[in-house]
A.B. asks: 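The structure follows.
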Amino acid sequence: MTNSDIIDILEQTAKLLDLHDGDPFRIRAFSSAAFSLDKVPVSLTEQYVAELTKLPGVGKTIANAVREIGDTGHLAELDGLLAQTPPGVIDMFRIKGLGVKKIKTLWQELGIETLRDLRQASESGRVAAIKGFGEKMQKNILDNLAFLESQAGKIRMDKADRLATQLRDELSSLGRVEISGQVRQRATEVDTVELLVESDEPVAVQSFLNGHTGLTQHRADSSPFAWRGQADGSDVRVAILTYPANQFDQQLFIRSAPEAHLIEKGPTGKTLLQTALQISPHNPEEAIYAQTGLPFVVPEMRENPQAFAWARQHQTDDLISWDDLRGTVHNHSTWSDGQHTIQQMADYAREIGLSYFGIADHSPTASYANGLSAERIRQQQAEIDQINADYAAQGIAFRVLKGTESDILGDGSLDYSNEVLSSFDYVVASVHQTLSMTEEKATARLLRAIENPYTTILGHATGRLLLAREGYPIDHRAIIDACAAHNVVIELNASPYRLDMDWRWIEYAMSKGVWISINPDAHAMRGLLDMHYGVYAARKGGLTKDRTFNAMPLAGMLVWLEKRKKG
DNA sequence: GCCGTTTTCGGCCCGACTGTTTTCAGTCG
């Protein structure tokens, strides 16, 4: 049970209490406890009840609830509420624009209990006819249902990675185990977690898996060599394939690239697939490419249709890697909605080998996130000056940079005065509200922000949340062209929830000479590690070290920022 | 349910935006 698991349970309890007409103040207590616990930098499962009650918004009842969740993984009260609620009604919370009140109306007035019911009611116009609903809401529901259906059965790369790693460790007693498939290719969204086991005893592998709690086999899809099923509590499919030693390496290659990549032909007319099947066992993947007469492509880039074109122009070593990162520029602290102080975050950044840490807390429009007023910006910058003075006094070559994540308002302007904007080393400009826009409106809004001379970095360009929210449509070429013209860096938001901008646009951005910054958008120390996911996505798109903004060393970064401010 | 006292009750409560309205409820970050 992580803090966010516990917070999710408290939030869901609040929603279901609301759905079942609970006491409004009790509902608010659960919901605000969840909100404030989200900012607590300690592990909730490790706290005693007496310690928990000292936290803001936590009294005896919620402290006991947190303990119960920590100890049992469940909250009896939530289980009771869930038992009274059709699962399809709970699914409706995933539709953006539907909250408790509207879901309650749909359930009670139209008797809607499944997403299928909801679609039928929307298609037949019955939803628009309810008081408080209308044509636009009905269309929004249908659009959201279509998006959710298209994402069904997928999980984010971070969850897939955890599941795959866990299975690999558990299976390792049976022999050599390798993660293959989409996880090895670092797909941003995964529908099948696949692993290969090297063994001459497929029966032993199958019986091990069938004795595994948390996995359920789909017998119809399985064979003696291929166990297929799914992880309990998740829609994602799991495939565990057993191969003898003399087939293992070639299968690992074949199962780590999409078909379009495997049927690429070399100068002799032979495809990668043909070579892989003919090559003698235990040859490295590089040998398969070499014997086909094609340049080597790293697994994460194999789903990129431009991979071979990229590999003919660059070396694999040109690709950005974790070790090349020198700093980080988009992060939050306790000044806005982060869990840790600037000092804690900066020290952690040092610990993981970086030489600069940029703070970019929220601006006033993000009031829900405790965005900073002009006055609080002055105080924060004084604190940063002090931290930097302390590092310098200790002879530590590390710098905290003064940034902001300034909201892009509806008209494309930023929400600080020019005087405040000029006090930062750099400005990350991001859209956080009014996300529902046409492509024309969204593009015009971003273009105005890019043209602002104070904008240094364009934050999460489309506002998407993988598997949950599509993001507003933008004219990517126009946005990238404008960034090139105005020397604006584009963020690759490294949060596994976002990975925005999409890796498919990296090549175009590079061709225009645009810098790309791998930004963790960290709200806690460990959030800095999300840059790993950003690196995976960046490598998919072929991002090179020399175009990665935060691969710039500290000295170069300071010069670049200074020059950029002078225009 | 939590909090903070004018201390065991009485008051809690972000604000912009959207889609629905015709003055505002519901949603969201």
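Below, read A as the first sequence line, B as the second, and so on, with proteins coming before strands; counting in each chain starts at 1.
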A.B. asks: Does either side chain, that of D8(A) or that of Q12(A), offer a donor lying less than 3.5 Å from an acceptor on the other one?
C.D. replies: no
A.B. asks: Can you check whether F25(A) stacks with the dC12(B) base, using ring centres under 5.5 Å and planes within 30°?
C.D. replies: yes
A.B. asks: Could you let me know what dG15(B) is paired to, Watson-Crick or G-U wobble, both distances under 3.5 Å, or none if it's on its own?
C.D. replies: dC28(B)
A.B. asks: In whole Å, I'd like the distance from the CG atom of L17(A) to the P atom of dC2(B).
C.D. replies: 13 Å
A.B. asks: Quote, to the nearest angstrom, the P distance that separates dG29(B) from dT21(B).
C.D. replies: 24 Å
A.B. asks: What residue pairs, at least two apart or across chains, pass side chain to side chain donor-acceptor pair (under 3.5 Å) with a residue in residues 464-475 of chain A?
C.D. replies: R464(A)-D502(A)
A.B. asks: Could you say whether T365(A) or Q138(A) is positioned toward the 5' end of DNA chain B, judged by the nucleotide with the nearest heavy atom to each?
C.D. replies: T365(A)
A.B. asks: How close or far is atom P of dC28(B) from atom CZ of F35(A), stated in whole angstroms?
C.D. replies: 15 Å
A.B. asks: Rounded to whole angstrom, note down the P distance from dG4(B) over to dC14(B).
C.D. replies: 15 Å
A.B. asks: Below 30° counts as parallel, above 60° as perpendicular, anything between as tilted: where do the rings of H432(A) and H460(A) land?
C.D. replies: perpendicular
A.B. asks: Between dG15(B) and dT20(B), how many Å separate the two P atoms, rounded to a whole number?
C.D. replies: 25 Å
A.B. asks: Choosing from dC2(B), dG29(B), dT27(B), which nucleotide comes nearest the side chain of S367(A)?
C.D. replies: dG29(B)
A.B. asks: Atom NE2 of H362(A) to atom C1' of dA16(B): distance rounded to whole Å?
C.D. replies: 16 Å
A.B. asks: Looking across every strand, which nucleic acid part, if any, lies under 4.0 Å from I27(A) by heavy atom: base, sugar-phosphate, or nothing?
C.D. replies: nothing
A.B. asks: Expressed in whole Å, how much space separates the P atoms belonging to dT22(B) and dC17(B)?
C.D. replies: 23 Å
A.B. asks: Tell me if the centroids of the rings in H332(A) and H340(A) come within less than 6.0 Å of each other.
C.D. replies: no
A.B. asks: Is the shortest heavy-atom distance from the side chain of M92(A) to the side chain of L118(A) under 4.5 Å?
C.D. replies: yes
A.B. asks: Between dT18(B) atom P and M137(A) atom CE, what is the distance in whole Å?
C.D. replies: 12 Å
A.B. asks: Calculate the interatomic distance between K102(A) atom NZ and dA25(B) atom C1'; express it in whole Å.
C.D. replies: 7 Å
A.B. asks: With C1' as the reference atom in both, quote the distance from dT8(B) to dG1(B) in angstrom, rounded to an integer.
C.D. replies: 14 Å
A.B. asks: Any side-chain N or O of R469(A) less than 4.0 Å from the OP1 or OP2 oxygen of dC28(B)?
C.D. replies: no
A.B. asks: Could you give the distance separating dG26(B) and dG11(B) at their P atoms, to the nearest angstrom?
C.D. replies: 24 Å
A.B. asks: Of the nucleotides dC2(B), dG26(B), dC17(B), which has the atom closest to the T434(A) side chain?
C.D. replies: dC17(B)
A.B. asks: With rounding to the closest Å, how many angstrom separate the C1' atoms on dG10(B) and dT5(B)?
C.D. replies: 11 Å
A.B. asks: In whole Å, what separates the P atom of dT6(B) from that of dC12(B)?
C.D. replies: 15 Å
A.B. asks: Would you check if the distance from the ring center of Y536(A) to the ring center of W503(A) is below 6.0 Å?
C.D. replies: no
A.B. asks: Nearest to the side chain of K96(A), which nucleotide is it out of dC2(B), dC28(B), dC14(B)?
C.D. replies: dC28(B)
A.B. asks: Just how far, in rounded Å, is C1' of dG10(B) from CZ of R28(A)?
C.D. replies: 14 Å
A.B. asks: Classify the nucleic acid contact of K131(A) as base, sugar-phosphate or nothing, counting any heavy atom under 4.0 Å across all strands shown.
C.D. replies: nothing
A.B. asks: So, OP1 or OP2 of dC13(B): does either fall under 4.0 Å of a side-chain N or O from S32(A)?
C.D. replies: no
A.B. asks: Are more than 12 heavy atoms, taken from residues, nucleotides or ligands other than E419(A), located less than 6.0 Å from that residue's CD atom?
C.D. replies: no
A.B. asks: Expressed as a whole number of angstroms, how long is the span from F30(A):CZ to dC2(B):P?
C.D. replies: 8 Å
A.B. asks: Quick check on DNA chain B: between K136(A) and K101(A), whose nearest nucleotide comes earlier from the 5' end?
C.D. replies: K136(A)
A.B. asks: Between dC28(B) atom P and D337(A) atom CG, what is the distance in whole Å?
C.D. replies: 18 Å
A.B. asks: Mind checking L55(A) for me? I need base, sugar-phosphate or nothing, with any heavy atom below 4.0 Å counting as a touch.
C.D. replies: sugar-phosphate
